[in-house]
> 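If you scroll down you'll find the structure; I have some questions about it.
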Amino acid sequence: MVVPDITQASSAPDDGRRARSRSSRARIVAAMLDLVARGEVAPSAAQVAEVAGVGLRSVFRHFRDMDALYREMAEAIEGQLLPILMRPPEGATWQERLFDIAARRATIFETIMPYRISANIRRFESAFLMEGYRRQLRLEAEALAAHLPEAVRTDAEGARGLNVILSFNTWRLLRHDQNLAPQEAAAVVRRMLDDALARWPED
């Protein structure tokens, strides 16, 4: 008599359920990203469920609240941008490296702008998103400071001014509030950076 392999037989349904669960979760995250990218700055769970093609209960089965979904969205975006962030800036002098950072941030900020705007709208109602906002500001400042010479870092007002010029908030103001094209916004940032660097001598 052939004894059936009950281990494989019992695991097959479980494998199928896990695969369906992973698929549903991926569709929910993709729906959230799609809605925000299309300008829905504060999508509801019901909207996400409709675009994902799942039930509303399925959204909250995978994500206990909208903060958890925002966290997953942030992780997906960071994974996409990590190669750009990790590449050291190019340039023979610290000034040239700052211009490279400016160009790189323009690319990054343009990519993340709808998602940052969406998170910013909700951050006053969410401790998690508020902490994420403060973390982003801190990381922007620390990443810039790492490429400034000591004489510039000790010039607190000057260093803060450089941080403002190269910040996401400045990019958002130029692109969103002043309605400039990406190339125009990048040109304004370069001009402000060039003017600010004129106070320090060349290397």
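It should be emphasised that the depicted structure is a prediction, and the values quoted were computed from it without experimental measurement. Basis for what follows: all heavy atoms, side chains included, without hydrogens, waters or symmetry-related copies.
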> Under 3.5 Å, is there a donor-acceptor pair between the side chain of Glu142 and the main chain of Leu139?
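Flag not set: sc Glu142 to bb Leu139 has no pair under 3.5 Å.
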> Answer yes or no: is there a donor N or O on one side and an acceptor on the other, between the side chain of Arg105 and the main chain of Glu140, under 3.5 Å?
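The answer is yes, because a donor-acceptor pair under 3.5 Å joins these two groups.
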> If every non-hydrogen atom of Val48 is compared with every non-hydrogen atom of Ala31, which pair is closest and at what distance?
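So the two residues come closest at O-CB, 3.6 Å.
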> Are the side chain of Arg153 and the backbone of Leu148 linked by a donor-acceptor contact shorter than 3.5 Å?
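Indeed, once roles are kept as given, a pair shorter than 3.5 Å links the two residues.
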> Do you know the tightest heavy-atom contact between Ser24 and His62?
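Minimum heavy-atom separation between Ser24 and His62: CB-NE2, 3.6 Å.
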> Do Tyr70 and Ser118 have side-chain N/O donor and acceptor atoms under 3.5 Å apart?
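Side-chain D/A pair, Tyr70 to Ser118: present.
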> Could you check whether any side-chain heavy atom of Leu129 comes within less than 4.5 Å of a side-chain heavy atom of Phe124, counting everything from C-beta outward?
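The answer is no; the side chains never approach within 4.5 Å.
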> For the side chain of Thr154 and the backbone of Ala151, is there at least one donor-acceptor N/O pair under 3.5 Å apart?
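Pair found, side chain donor or acceptor close to backbone of Ala151.
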> Are Val36 and Val41 packed together at the side-chain level, in the sense that at least one heavy-atom pair is separated by less than 4.5 angstrom?
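Not in contact.
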> Rounded to the nearest 0.5 Å, what separates atom CZ in Arg27 from atom CG in Asp34?
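It is 14.0 Å, given to the nearest 0.5 Å.
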> Just wondering, do Met32 and Glu72 contact through their side chains at under 4.5 Å, heavy atoms?
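In short, these two side chains do not touch, never coming nearer than 4.5 Å.
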> Consider only side-chain heavy atoms of I, L, V, M, F, W and Y, link residues closer than 4.5 Å, and tell whether Met66 and Met130 are in one cluster.
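Met66 and Met130: separate clusters.
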> Is there a chain of hydrophobic side chains (I, L, V, M, F, W, Y, each step under 4.5 Å between heavy atoms) that links Leu137 to Phe168?
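No, no single cluster joins them.
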> Short question: side chain of Glu96, backbone of Ala92 - any donor-acceptor pair under 3.5 Å?
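Yes, because the side chain of Glu96 sits within donor-acceptor range (under 3.5 Å) of the backbone of Ala92.
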> side-chain contact (heavy atoms from CB on, under 4.5 Å) between Ile101 and Arg104: does it pass, once the steps are laid out?
CA-CA 5 Å; Ile101 289 172; Arg104 190 177 310 179; 5.7 Å; no
> Ile77 vs Leu33, test: side-chain contact (heavy atoms from CB on, under 4.5 Å). Steps then yes/no.
CA-CA 9 Å; Ile77 295 167; Leu33 289 165; 4.1 Å; yes
> Within the structure provided, determine whether Thr170 and Leu166 are in side-chain contact (heavy-atom separation under 4.5 Å).
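Side-chain contact under 4.5 Å: no.
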> So, taking the atom named CD in Gln178 and the one named CZ in Arg175, what distance separates them when rounded to the nearest 0.5 Å?
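Gln178 CD to Arg175 CZ: 11.5 Å, rounded to 0.5 Å.
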> With a 6.0 Å cut-off (strictly less than), is the heavy-atom count around CZ of Arg38, excluding the residue itself, greater than 12?
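Counting neighbours around CZ of Arg38, more than 12 heavy atoms of other residues, nucleotides or ligands fall under 6.0 Å, so yes.
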> Are Phe63 and Phe60 joined in one hydrophobic group, where the rule is that I, L, V, M, F, W and Y side chains link up if heavy atoms are under 4.5 Å apart?
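Looking at the clustering, Phe60 is in a separate group from Phe63.
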> If you take all heavy atoms of Ile165 and Met192, which pair is closest and at what distance?
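Nearest heavy atoms, Ile165 then Met192: CD1-O, 3.6 Å.
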> Checking salt bridge (Lys or Arg N to Asp or Glu O under 4.0 Å) for the pair Asp195/Arg191: CA distance, chi angles, key distance, verdict?
CA-CA 6 Å; Asp195 290 345; Arg191 172 65 179 272; 3.3 Å; yes
> Kindly compute the distance separating CG (Leu197) from CG (Leu162), expressed to the nearest 0.5 Å.
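It is 6.0 Å, given to the nearest 0.5 Å.
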> Any cation-pi pair here, Arg190 with Phe99, using under 6.0 Å and within 45°?
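Geometry flag: not set, cation outside 6.0 Å or 45°.
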> Indicate the atoms forming the closest heavy-atom contact of Pro149 with Trp94, along with that distance.
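It is CD-CD2, 3.4 Å.
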> I need the Gln47 CD to Leu56 CG distance, nearest 0.5 Å.
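If we round to the nearest 0.5 Å, Gln47:CD and Leu56:CG are 11.5 Å apart.
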> Taking side chain as C-beta onward, heavy atoms only, is Val51 less than 4.5 Å from Ile28?
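Val51 does not reach Ile28 side chain to side chain.
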> Just wondering, more than 12 heavy atoms not from Arg87 lying within 6.0 Å of its CZ?
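Count over threshold, so yes.
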> Looking only at atom types and distance, does a side-chain atom of Ser167 sit under 3.5 Å from a main-chain N or O of Val164, one as donor and one as acceptor?
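Such a contact is found between Ser167 side chain and Val164 backbone.
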> Fit a plane to each ring of Phe109 and Trp171, take the angle between them on a 0 to 90° scale, and name the class: parallel (under 30°), tilted (30 to 60°) or perpendicular (over 60°).
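Rings of Phe109 and Trp171: tilted, 30 to 60°.
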> Report the distance from atom CG of Asp100 to atom NE2 of His147, rounding to the nearest 0.5 Å.
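Output value for this atom pair is 9.5 Å.
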> Would you confirm whether Arg97, through its side chain, and Pro89, through its main-chain N or O, come within 3.5 Å as a donor-acceptor pair?
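Checked: no pair found.
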> Please determine whether residues Tyr133 and Ile117 belong to a single hydrophobic cluster, defined as Ile, Leu, Val, Met, Phe, Trp and Tyr linked transitively by side-chain heavy-atom distances below 4.5 Å.
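As far as the 4.5 Å side-chain criterion goes, Ile117 and Tyr133 are not connected within one cluster.
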> To the nearest 0.5 angstrom, please state how far the CZ atom of Arg134 sits from the CZ atom of Arg123.
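Between atom CZ of Arg134 and atom CZ of Arg123 there are 8.5 Å.
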